[in-house]
Amino acid sequence: MSSYRTFASSMLLGLAAAGIAHAQAPSPAAANTDPHLWLEEVLGDKPLAWVKQHNAVTTKELESQPGFAALQARLKTILNSKERIPYVSKEGEYYYNFWRDAQHVRGIWRRTTLAQYQQAEPAWETVIDLDQLAAGESENWVWGGASCLYPKGERCLISLSRGGGDAKVVREYDVAKRAFVDGGFTLPEAKGSASWIDADTLFVSTDFGPGSMTSSGYPRIIKEWQRGTPLAQAKTLYEAKPDDLSAGAYKDFTPGHEHQFIERQIDFYSGEMFLRDGAGLKKVPKPDDATAFTVRDQLIITLRSDWKANGKTYAQGSLLATDFKAFMQGGQALEVLYAPTATSSLDNVTATKSAILVTTLDKVKNRLTELRHVNGKWQRRAVDAPKLGTLAVSALDPVDSDQYFLTVTDFLNPTTLYLGTAQSDKRTKIKSLPAFFDAAPYKVEQFESTSKDGTKVPYFAIMGKKTKFDGRNPTVLYGYGGFEVSLKPSYSGIIGEAWLNKGGVYVLANIRGGGEFGPRWHQAALKENRQRAYDDFISVAQDLIKRKVTSPRHLGIMGGSNGGLLTGAVLVQRPDLFNAVVSQVPLLDMRRYNKMLAGASWMGEYGDPDVAEQWAYISKYSPYQNVFKDKKYPRVLFTTSTRDDRVHPGHARKMVAKMEEQGHDVLYWENTEGGHAGAANNDQQALMWALTYTFLHEQLK
């Protein structure tokens, strides 16, 4: 099942971008106006010396604070806990899990049976020990995932990155022999992907040489690669345009409904889908900004805009179904499986052998519905599931099984994993997190603020039951607001231990730009309307102050990636509202973001700064261009990663250099590994979060 939502998540959380040694060469004009461009040379001796110096200053200050060592140790214990839920995916007869702990710093890829998985202490077989592999090959390997051949899963394509970056090496692995296949499929380090067609054939999208990548830095050519032949001889199946975002391909292995698809991603929110029909490609006649995938004989379509078809108008955010074969022949008999309301939206769709499980959001709370296609008609029923919190559903095997995993989580109750079956409300509890902190003293409230244009913006606040609304509570406001990503309730031992247990209030804002109310909520803050996301976030801060939950002296904000841009923009617009800002792996220089690594792929979200009319609105909020010497700003902690090959570390580096030059008080910490997640293993995660929450505690207490 392929969708823009999956694509967006992977772009933000893990897609590859090859070659992080340098950003794109700046124009002469830019070089004359930006004295800090030298910091964009990621691995240059001078920039790395600058990083080392700043890291030393930050760690010296924060690690010397009372309680830092104890907090770091506690967070490390949480992150390495053997009681964490080992989430699995089914490959053949086995269930695979990738696991890190104190004994397996880089991690192990292991497997077990379903019967064993349901035991309190499953018997695991180690398939790949990444620590041993890295030591034996003298490589700084970080796990990048596995794609196994359906249905037996005996051969897998293993992805490995160096130091946690998104650029990956792909190598074929024989599970039974516990060894990489000698002379097997191997792709050199690059962005892109490979997926199985059959035991001897792959779809491959990678860096094939000059002209094979889009202007966004992603593969644009799809090839079919036969075993035993050089990659250079792989057959070209499709070429996207150079200014497209990317191209990809996959196969649906459902018996009787085997199809091969090629996808052209035009930009972040639109694309074309092609059915490989013999030697040719046949376009699937869906709207460009709709996503689609097959479930047996049905094509399932999600709309991002209204669609006029067959004399009807189908509303944006709807989920539709149609007979795939008839649709490809020009038929337009569409059935509405779900239509959004003013307060609800589609969240996720998962297929089992005989059903489709649809997860929706109603006022940022999940609901679950089961749909079955029987005798040409769709039957539906509401699944009895918890009414509060977040539900996540994943099918064990959408081809051969009606079983699915249901994950239930919220802010205060430890995440629990259940095993369910379609057509039944009976569930078996499989695993549950331990209580990493005592939740009894806390409560969750859902409030609304009013944004500048009158829009109501919901947000969650987690606080002590005895919290006094006296304006003195240390409060962290977290936001994202982009790429139609929804922020939903979830259990975090780190937040509980590092913030709530220290008397803090934690706030999660559901601002526009996210997906909490479907495509309309996201599209309301695109491009020229980006300021609405920042206005929404500001309105939540003001509402917290108005309710006397906190005050500017005790209010801090935090966000990462696009959320780092959010906190950076709000920092320069309303510095009077906050006393601490944490900006993680951020975009900040929006004048050059499209020239730095994968930045060009996000112009569908922000706009093109090289077009004067679009730079006119981008320039109004770009943090790097709007920080000034004569303004007073709250103290900021910027964090990033040298190995982040998605959002360039130059953003944070240059912002710090400029603010320091202007005389502002900022801290900076750059992990030398870890990719866009900011850390490559649990120990690094523990250090990163200990630094972050120590900074917030000291600033807001």
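Residues take their numbers from the sequence shown, with the count starting at 1. Everything quoted here is computed from the prediction, not taken from an experiment.
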Side chains of Ser193 and Ser205: is there a donor and an acceptor less than 3.5 Å apart?
-> yes
Does the ring of Trp143 carry Arg100 above it, NZ/CZ under 6.0 angstrom from centre and within 45° of its axis?
-> no
So Asp610 and Arg591, salt bridge (Lys or Arg N to Asp or Glu O under 4.0 Å) or not? Walk me through it.
-> CA-CA 8 Å; Asp610 292 329; Arg591 184 67 185 91; 3.2 Å; yes
Do any N or O atoms from the side chain of Thr58 and from the backbone of His54 form a donor-acceptor pair under 3.5 angstrom?
-> yes
Do Lys654 and Glu41 pass the salt bridge (Lys or Arg N to Asp or Glu O under 4.0 Å) test, and can you show the C-alpha distance, the side-chain angles, and the key distance before you say yes or no?
-> CA-CA 11 Å; Lys654 294 198 303 177; Glu41 187 182 1; over 6 Å; no
Phe411 and ring pair (Phe, Tyr, Trp, His ring centres under 6.0 Å): which partner among Tyr478, Phe460, Tyr491?
-> Phe460
Ring-face cation of Lys527 near Tyr617 (centre distance under 6.0 Å, axis angle within 45°) = no
Determine, for Arg574 against Asp576, whether the closest basic-nitrogen to carboxylate-oxygen distance falls under 4.0 angstrom.
-> yes
Do Met590 and Tyr624 have side chains that get closer than 4.5 Å, going by heavy atoms?
-> no
Do Gln72 and Glu63 have side-chain N/O donor and acceptor atoms under 3.5 Å apart?
-> no
Go through the side-chain N and O atoms of Thr415 and Thr409 and say whether any donor and acceptor fall under 3.5 Å apart.
-> yes
Establish, yes or no, whether the cationic atom of Arg106 lies under 6.0 Å from the six-membered ring centre of Trp141 and within 45° of the ring axis.
-> no
Quick one: does NZ or CZ of Arg653 land under 6.0 Å from the six-membered ring centre of Trp50, within 45 degrees of the ring axis?
-> no
Check the pair Arg635 / Glu61 against salt bridge (Lys or Arg N to Asp or Glu O under 4.0 Å), numbers first and verdict last.
-> CA-CA 14 Å; Arg635 204 172 192 213; Glu61 175 185 329; 2.7 Å; yes
Please determine if Glu605 and Arg530 form a salt bridge, counting it only when a charged side-chain N lies under 4.0 Å from a carboxylate O.
-> yes
